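Both ligands and their constituent atoms are indexed starting at 1 by order of listing. The model shown is predicted, which means the values in this text are computed figures rather than measured ones.
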Amino acid sequence: MSEQLLKQHRDAIDSIDVQILNLLNQRAQHARDIGEIKGGGIIYRPEREAQVLRRIKELNPGPLAGESVARLFREVMSECLALEKPLSIAYLGPEGTFTQLAALKHFGHAARTVACGSIDEAFRLVESRTLDYVVAPVENSTEGAIGRTLDLMVSSPLKICGEVVLRIHHHLLRKDGTQDGIRRVYAHAQALAQCHEWLNKNLPASVERVSVASNAEAARLAAEEPDCAAIAGQAAAERYNLLKLAENIEDEPNNTTRFLVLGHQDVGPTGQDKTSIIVSAPNRPGAVHYLLEPLAANGVSMTKFESRPSRAGLWDYVFFIDMEGHVQDANLAAALEDLRQRTAFVKVLGAYPLAVL
Ligand SMILES: O=C(O)C(=O)C[C@]1(C(=O)O)C=C[C@@H](O)C=C1
């Protein structure tokens with residue numbers, strides 16, 4: 001190793017760090033000035049943030065990976081935004097859940113994440129403007145829709161202003177490092193379902209599987225009960241000081257959860273957007289086809305279609321539809337107009353940028 005060469009590179013890094021530091025603070029000063037122009041109005045601008053992150057990925061010459069530079073700029077913007085006004089984000093707690101991870105992935109670490117006892121409570125705290133935004137899981141690639149989030153969106157005044165996509169890895173965790181003598185495994189019902197095959201193969205049938213409110217709650221219980229284990233993610237393992245008996249035990253290797261970010265604002269178009277709506281339909285032959293005709297006729301692509309029994313009538317259904325594009329796009333606006341002629345209930349849940357990170 002050439003000491004002299006090493007020193008040259010380190011000197012170069014020292015001088016670049018000073019430049020980065022100065023530029024970061026210049027950037028922060030602009031954000032602070034923008035905050036004053038906004039004058040107490042809406043600070044967080046999801047459309048602008050998506051554009052900044054996409055541009056950084058496009059301009060990135062390497063050798064750093066596009067994802068890596070986007071993550072760095074995510075944190076830079078998070079700190080800049082916090083200078084304007086720190087954001088508070090409601091999520092289903094306790095600390096260490098995948099939803100908290102999703103919130104931090106989307107808003108960066110300068111945001112204050114607030115653990116709530118239920119998804120309902122998280123929605124309520126944002127509806128009452130006690131907190132700024134809520135992050136809630138909406139679908140998992142293995143287990144499908146998160147019914148509670150969908151049901152809350154039917155009547156909530158909140159609007160979707162973003163989405164977060166998170167790869168989900170589950171681990172078998174315990175206070176001590178052996179698989180012997182486990183009496184019970186705690187996990188969220190979704191995690192139990194996502195690791196079902198693995199559990200059947202690797203744990204004796206006598207081990208009780210107990211579903212609890214969240215993965216982090218499972219980890220908390222396993223930390224208190226030495227003869228019990230938990231299925232949870234890395235963050236919960238760290239938070240509750242548990243050891244990993246087995247890693248990545250999810251049955252489906254591409255296990256992914258999609259979360260929604262909801263707040264009080266409408267979000268402008270970015271060119272790569274999604275629009276989510278709810279429509280009602282009577283349970284009669286051809287009803288779904290009739291509802292989807294306007295989308296096909298106007299060239300609107302559907303990315304999700306999910307049905308839930310309506311709370312209003314015994315055999316009626318509501319459909320959750322995600323479409324490519326923004327409500328302000330001419331073809332999507334025309335499709336919505338047509339749809340409104342065909343059914344009594346159409347609710348636009350929000351138009352928002354596709355997840356960048
Ligand atoms: O452009 C703005 O409106 C800003 O407030 C600046 C900034 C940024 O740091 O780039 C910060 C927060 C907003 O959510 C979007 C972007």
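- Close contacts of ligand 1 with M77, meaning ligand atoms under 4.0 Å from a residue heavy atom, involve 8 (C), 9 (O), 10 (O).
- Taking a cutoff of 4.0 Å between a charged side-chain nitrogen and a carboxylate oxygen, K244 and E247 qualify as a salt bridge.
- Atom 10 (O) of ligand 1 has as its closest protein heavy atom R27 NH2, 2.8 Å.
- Using a cut-off of 4.0 Å between Lys/Arg side-chain N and Asp/Glu carboxylate O, K7 and D11 are scored as salt-bridged.
- Listed by number with element, the atoms of ligand 1 under 4.0 Å from a non-hydrogen atom of C80 are 9 (O).
- Annotation: atom 14 (O) of ligand 1 to nearest protein heavy atom, E49 OE2, 2.6 Å.
- In this structure, R342 forms a cation-pi arrangement with Y290, its terminal cationic atom sitting closer than 6.0 Å to the ring centre and no more than 45° off the ring axis.
- At least one side-chain heavy atom of L199 sits less than 4.5 Å from a side-chain heavy atom of I231.
- Minimum interatomic distance between T130 and S88 (heavy atoms only, all atoms of both residues): O-OG, 4.4 Å.
- The nearest protein atom to atom 2 (C) of ligand 1, hydrogens excluded, is given as K38 NZ, 3.5 Å; this is a heavy-atom distance.
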For this session: Give the C-alpha distance, both sets of side-chain angles, the deciding distance and a yes or no for ring-ring contact (aromatic ring centres under 6.0 Å, His included) between F107 and Y44.
Result: CA-CA 9 Å; F107 286 100; Y44 170 56; 5.0 Å; yes
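- For ligand 1 and L81, the ligand atoms under 4.0 Å from any heavy atom of the residue are 12 (C), 13 (C), 14 (O).
- Remark: ligand 1 and Y44 share no N or O pair separated by less than 3.5 Å (distance only, no angle test).
- The closest heavy-atom contact to atom 11 (C) of ligand 1, among the options E84, R45, R48, E79, comes from E84.
- When non-hydrogen atoms are compared, ligand 1 lies under 4.0 Å from neither the backbone nor the side chain of H30.
- Although no hydrogens or angles enter the test, the distance criterion places no donor-acceptor pair under 3.5 Å between the side chain of N255 and the main chain of R167.
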